[in-house]
Amino acid sequence: MADVIIAGSGPTGLMLACELRLAGVDVLVLERLAERSDKSRAGGLHARSVELLDQRGIVDRFLAAGRAMPLAHFAFMHLDIEDFPTRHPYALAMHQTRIEQLLEERALELGVRLRWAAEVTDLRQDETGVEVEISGGQGTERLRADYLVGCDGGRSVVRKLTGIGFPGTPATLTALLGDVTLTDPPSEVVFGPEGRRENGFFMAFHSEHPGMYRVITVEFDKVTDRDAPVTLETLSEACAKIAGTDFGMHSPYRLDRFSDACRLVDTYRAGRVLLAGDAAHVHFPSSGQGLNLGLQDAVNLGWKLAAVVRGQAPEELLDSYDAERRLSTERMLNNIRAQTAIWRASTQADALRQVFSDLIEFDDGNRYLGGVISQLDTYYPVGDGHPALGRRMTDLDIKSPSGQVRVYELLHVARPVLLDLTGRSDLRAALDGWTDRVDHVEAEPQDDHWAFPVIGDVPAPAAVLIRPDGHVAWAAPAAPVGSAVPQTATADLRSALTRWFGPARAS
Ligand SMILES: Cc1cc2nc3c(=O)[nH]c(=O)nc-3n(C[C@H](O)[C@H](O)[C@H](O)COP(=O)(O)OP(=O)(O)OC[C@H]3O[C@@H](n4cnc5c(N)ncnc54)[C@H](O)[C@@H]3O)c2cc1C
């Protein structure tokens with residue numbers, strides 16, 4: 001028995017498990033594999049993901065294991081995010097296996113229970129919970145939880161068993177991947193437009209396995225059976241066809257395939273079963289977004305599911321998970337489809353590439369695309385009013401009675417924060433009934449304006465309510481220090497508190 005069972009210990013499942021544990025929820029993660037795979041797919045974290053780790057106080061271990069690099073690009077057209085207002089204006093290059101190891105380490109520190117060789121094979125839900133059937137080393141077993149979250153990847157069994165639809169566009173290309181030894185490697189690594197050819201494109205760069213190369217081939221307008229095994233011969237033939245040589249590949253450590261099928265679930269939730277990460281969306285890995293989207297799903301869902309499980313908020317709060325993540329993910333899938341179109345070799349695609357390359361030269365074009373690709377522009381439509389509403393809170397330095405702190409330090413425990421820069425005690429009274437769930441931090445105002453990626457500078461509000469995922473749920477109007485917060489704004493604050501953190505507790 002657990003409060004929440006998570007199927008899958010990939011990056012999404014592990015991050016979600018950490019978020020739930022931080023809120024005191026009992027979590028069991030079930031993983032089909034007997035041990036962690038050392039065959040990475042993703043190669044890094046975008047800026048917003050690095051911020052998410054910073055919000056939870058674990059960024060240092062990732063920074064020590066990765067390498068900060070200017071990797072944000074749109075179809076391999078470089079985007080300059082160095083001047084974006086964030087403490088992390090870069091991508092952090094590191095292999096997926098390492099990301100998973102660090103998240104697993106954190107999950108275990110927090111008390112997450114993780115079971116290997118436990119494959120979810122069936123499920124049944126009723127009004128009070130979900131029964132999950134697993135098979136593995138100990139035969140078949142049935143486990144029960146209040147909620148089940150499928151973080152079990154693109155071919156999610158949880159999604160299929162729940163009957164959740166997965167509409168989208170089918171594959172139009174065949175992509176093969178191999179970690180192989182090359183007798184005759186290219187003189188320089190191929191990782192960008194230089195690998196584009198008329199019939200597809202290829203990449204050849206150092207793999208995570210010492211001495212090996214990762215070779216990727218993409219053949220346009222060729223759809224193959226996604227379950228057909230990849231052999232060294234198939235990869236070698238594809239590479240020779242596209243690159244003109246197979247670089248003398250041999251001794252494969254790993255061979256795989258992927259495609260540009262692009263799909264998003266028709267609902268993220270069916271009763272007590274939810275989906276997150278690749279289980280909810282798949283797409284071509286252009287510009288390295290999938291793992292990062294999964295982390296954002298986890299951080300959006302974690303605190304909401306925890307509040308529902310603990311009886312603090314009504315189940316309807318979970319509907320905002322679908323609404324908010326759908327909006328961001330649809331935008332990303334669209335962006336990725338556009339990138340894939342530009343990758344093609346045709347006069348039209350070349351023209352499109354030129355147009356985008358010209359647009360990126362303009363600050364606005366670079367900022368717009370840089371905001372999407374770094375995921376720093378993730379925005380949730382929480383309501384109208386102050387321009388900071390729904391945006392990820394900027395990591396201000398603030399002077400509070402307990403000393404100088406950063407806003408992200410206030411979020412380490414994953415609790416909501418009312419950041420009060422009014423210099424008055426009016427808001428303390430407005431928080432009556434929520435002090436068990438919401439932290440009130442009074443600080444001295446420091447700047448007239450706050451800087452956000454993409455939207456730029458906005459007038460500093462006199463107070464903000466920050467959700468545990470770091471997004472702004474309510475903002476008071478900007479006002480001179482010491483002036484009263486208008487009564488309408490205080491009433492808005494109380495309705496935002498009710499909406500996001502449940503009804504006030506009678507004192
Ligand atoms: C070539 C390539 C390159 C990529 N590069 C990037 C990149 O640079 N950046 C990026 O952000 N993304 C990248 N991605 C995408 C990224 O790898 C995925 O988006 C990410 O792994 C999704 O994480 P997840 O936890 O949702 O799912 P997964 O990583 O697929 O994890 C699912 C887990 O569930 C387990 N599981 C499956 N079924 C069951 C079951 N029935 N019961 C129990 N456990 C189960 C699996 O064993 C697995 O451990 C790339 C993908 C590819 C193919």
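Bear in mind that the values here come from a model prediction, so they are computed numbers and not experimental data. All heavy atoms count here, side chains included; hydrogens, waters and symmetry mates do not. Remember, it's 1-based here, ligands and their atoms both numbered in the order they're listed.
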- Specify whether Phe76 and Trp343 have parallel, tilted or perpendicular ring planes, treating 30° as the upper limit for parallel and 60° as the lower limit for perpendicular.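 Rings of Phe76 and Trp343: perpendicular, over 60°.
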If the threshold is 4.0 Å, N to carboxylate O, is there a salt bridge linking [X] and [Y]?
X: Arg155; Y: Asp227; result: yes
X: Arg113; Y: Asp26; result: yes
X: Arg269; Y: Asp322; result: no
X: Asp126; Y: Arg272; result: no
X: Arg32; Y: Asp152; result: no
X: Arg353; Y: Asp350; result: no
X: Glu109; Y: Arg61; result: yes
X: Asp256; Y: Arg254; result: yes

[X] N/O to ligand 1 N/O under 3.5 Å:
X: Gly13; value: no
X: Leu33; value: no
X: Gly43; value: yes
X: Leu291; value: yes

Could you work out, for [atom], the closest of [options] by heavy-atom distance?
atom: atom 33 (C) of ligand 1; options: Glu31, Glu119, Arg214, Arg32; value: Glu31
atom: atom 14 (N) of ligand 1; options: Ala7, Ala118, Ala42; value: Ala42
atom: atom 20 (C) of ligand 1; options: Gln96, Arg155, Met94, Gln289; value: Gln96
atom: atom 22 (C) of ligand 1; options: Ile99, Asp278, Val120; value: Asp278
atom: atom 52 (C) of ligand 1; options: His95, His281, Arg41, Arg257; value: Arg41

Quick one: nearest non-hydrogen protein atom to [atom], plus distance?
atom: atom 27 (O) of ligand 1; value: Gly153 CA, 3.8 Å
atom: atom 31 (O) of ligand 1; value: Gly10 CA, 3.6 Å
atom: atom 24 (P) of ligand 1; value: Thr12 OG1, 3.3 Å
atom: atom 34 (O) of ligand 1; value: Gly8 CA, 3.2 Å
atom: atom 38 (N) of ligand 1; value: Asp152 CB, 3.6 Å

Enumerate the atoms of ligand 1 whose separation from the nearest heavy atom of [X] is less than 4.0 angstrom.
X: Pro285; value: 2 (C), 3 (C), 4 (C), 50 (C), 51 (C), 52 (C)
X: Leu177; value: 1 (C)
X: Gly277; value: 26 (O)
X: Gly288; value: 6 (C), 7 (C), 8 (O), 9 (N), 10 (C), 11 (O)
X: Leu30; value: 43 (C), 44 (N)

Note to self: Using the rule side chain to side chain contact (heavy atoms under 4.5 Å, CB included), only one of Asp80, Val355, Asn366 pairs with Ile360; which is it?
What the structure shows: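 Among the candidates, only Asn366 passes.
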Inset, instruction - Let me know which of Val149, Ile6, Val112 forms a side chain to side chain contact (heavy atoms under 4.5 Å, CB included) with Leu20. - result: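 The side chain to side chain contact (heavy atoms under 4.5 Å, CB included) with Leu20 is passed solely by Ile6 among Val149, Ile6, Val112.
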Select one of side chain, backbone, both or neither to describe which atoms of [X] lie under 4.0 Å from any atom of ligand 1, heavy atoms only.
X: Pro11; result: both
X: Thr121; result: neither
X: Cys151; result: backbone

Review point. Any non-hydrogen atom of Ser37 lying under 4.0 Å from ligand 1?
Key: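 Flag not set, Ser37 not near ligand 1.
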Gly294 touching ligand 1 at heavy-atom level, < 4.0 angstrom =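 No heavy atom of Gly294 comes that close to ligand 1.
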**Prompt:** Can you name the one residue among Glu51, Arg56, Arg87 that meets side-chain hydrogen bond (donor to acceptor under 3.5 Å, both in side chains) with Tyr408?
**Reply:**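 It is Glu51, the one option of Glu51, Arg56, Arg87 that forms the side-chain hydrogen bond (donor to acceptor under 3.5 Å, both in side chains) with Tyr408.
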Ring-face cation of Arg325 near Tyr268 (centre distance under 6.0 Å, axis angle within 45°):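 Pair Arg325/Tyr268 does not count as cation-pi.
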Kindly indicate whether a cation-pi arrangement holds for Arg196 with Phe201, taking the cut-offs as under 6.0 Å to the six-membered ring centre and within 45° of the axis.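 No - Arg196 does not lie over the ring of Phe201 by the 6.0 Å and 45° rule.
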